[in-house]
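In each ligand, atom 1 is the first atom listed, and ligand 1 is the first ligand listed. Below, each value reflects all heavy atoms present in this structure, side chains not excepted, and no hydrogens, waters or symmetry copies.
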Amino acid sequence: MSFGPIRRTGWRGMRGLHRRCVRRPVFRTLAGSAVICDAALARRVLVDADGRLDHVPAFWRPGGVALPPDVCGALNRWAHRALAAEDPEQAAGTVVDAVAAAHGDLHRACLHAVVAAAGRALGLDREPVLRDTVAAFLDAVFHSMVTGDRRQADHGTFHRLCARAAPAVAAGAVPGFPDLDPAVGGEVYLRAVSAFTGASAAALSWLVCVLHPGDLVAARRAPDAVAAGGAEPEHVALETLRLWPPAWQHRRPVLRDHRIGPLAVLEGDDVVVPSYALQRHPRYWPDPDTFDPGRWAGWSGRPDAFLPFAVGPGACVAAVFEVRRLAAVARQLAARPPLSLSRRSGTPCVTAIFSAPRHTLA
Ligand code: HEM
């Protein structure tokens, strides 16, 4: 995720891209990006066996510059180990309690709920400075990055928060966090917080909407489907990630000229795998815009056209954990009285992350 100006493609742009992908699965945009909305080709591109693409995610680019591969590897291993130590069921309990107790903005509630569940991994339970800094980061910087509230996140505040986090990070307050150059340690830590929380909170915002009676965004409920609360929780989680993938496109800069299917791509171009469009493409999904958790019942594996966590180098280290936790959240939320939720906007929030329209929890 970029902490620079938010590229405001917006909901209209995202749906326009979807319509183009349905007409033509592989094409070049006016801006020069190569869009790949063919499932087999998209997987091949992301796996990138010949190493022709750059897979460093935006959150491992402090100041816009990619960290060296060994540092990225150490950060990914730390994140992976931190999650492996968590129980998805228990983490879901923390998330559900926090959302149920929250009032006000849904996105803020989701961000704080997900962070509460990651408290041990992020060192928040033992270091009050980090706890305050992360809370301020979510409220003053990251919330606007997720909702698109402001064109530009507040850089000054972000860098002040990085500086505040740095000494605690350098002193080893975050269990297992790699030793980093102190000049970037605070920033990398807050970017790690964004990796832990951004997409998870967005998925949670969609799940809350799905479990709430009422209209869905850009989807309808299958008429004969069991209500979301009564369906198999893992299927609810997967169907939510299919229709509303928080990482709605996977973008990779091209390192070397080569061909992708019919397109020649050049160094400096971007390749884009539009997961939102792919996961609603009528070639791969019957009734693509219908929320039907039951469609997952017949499949043993995951369809090729399902890529919410990307695949290959750079893919999410939390894919397995997240599906388990989201499923547990779906089950635990459905077992509680419905949340009191009112919608404040008709359109979803589309920034680097795709999340539900603005809502208020009463
Ligand atoms: C529903 C929740 C989530 C979704 C949809 C998601 C999605 C993704 C995607 C699409 C990527 C690839 C980024 C890119 O293309 O540049 C990614 C990378 C990553 N994610 Fe997640 N993520 C989720 C939750 C999490 C959580 C909870 C963690 C905490 C450990 C996490 C840690 C990471 C890391 C460390 C990477 C970088 C992997 C690498 O560079 O090799 N993600 N995630």
Check the surroundings of atom CG in Asp215: do more than 12 heavy atoms from other residues, nucleotides or ligands lie under 6.0 Å from it? no
Around atom CG of Asp289, are there more than 12 heavy atoms from other residues, nucleotides or ligands closer than 6.0 Å?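 More than 12 within 6.0 Å, yes.
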Ligand 1 atoms in contact with [X] (distance to a heavy atom under 4.0 Å):
X	value
Ser200	2 (C), 24 (C), 27 (C)
Ala199	1 (C), 2 (C), 3 (C), 4 (C), 5 (C), 6 (C), 22 (N), 23 (C)
Ala195	25 (C), 26 (C), 28 (C), 31 (C), 42 (N)
Leu83	29 (C), 30 (C)
Ala318	25 (C), 26 (C), 27 (C), 28 (C), 31 (C), 42 (N)
Ala203	1 (C)
Pro308	5 (C), 7 (C), 10 (C)
His250	10 (C)

Residue among Arg252, Arg256, Arg251, Arg61 satisfying salt bridge (Lys or Arg N to Asp or Glu O under 4.0 Å) with Asp54: Arg61
Is there at least one pair of N or O atoms, one from Glu322 and one from ligand 1, spaced under 3.5 Å apart?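 No, Glu322 has no N/O under 3.5 Å of an N/O on ligand 1.
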Looking only at distances, can you tell me whether any N or O atom of Arg325, backbone or side chain, sits closer than 3.5 Å to an N or O atom of ligand 1? no
Assess whether a salt bridge exists between [X] and [Y], defined as any Lys/Arg side-chain N lying under 4.0 Å from an Asp/Glu carboxylate O.
X	Y	result
Asp38	Arg44	no
Arg220	Asp287	no
Asp97	Arg336	yes

Tell me: protein heavy atom nearest [atom], and distance?
atom	value
atom 41 (O) of ligand 1	Asn76 ND2, 2.9 Å
atom 32 (C) of ligand 1	Val317 CG2, 3.7 Å
atom 13 (C) of ligand 1	Gly314 O, 3.8 Å
atom 20 (N) of ligand 1	Cys316 SG, 3.2 Å

For ligand 1, is there an atom lying under 4.0 Å from some heavy atom of Cys72? no
Which pair of heavy atoms, one from [X] and one from [Y], lies closest together, and at what distance?
X	Y	result
Ala121	Pro175	O-CD, 3.9 Å
Ala91	Arg325	CB-CD, 3.7 Å
Leu238	Val323	CD2-CG1, 4.0 Å
Val273	Ala42	CG1-CB, 3.8 Å
Leu67	Leu75	CD1-CD1, 3.6 Å

Evaluating non-hydrogen atoms only, which member of Phe196, Trp248, Phe309, Phe59 is closest to atom 36 (C) of ligand 1?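 Shortest heavy-atom distance from atom 36 (C) of ligand 1: Phe59.
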Sub-4.5 Å side-chain heavy-atom contact between Phe291 and Pro293: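 They are in contact (side-chain heavy atoms under 4.5 Å apart), so the answer is yes.
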Less than 6.0 Å separating the ring centroids of Trp78 and Phe196? yes
Hey, is [X] touching ligand 1 through its side chain, its backbone, both or neither, going by heavy atoms under 4.0 Å?
X	value
Arg252	side chain
Trp60	side chain
Pro57	both
Ala315	backbone
Ala247	side chain

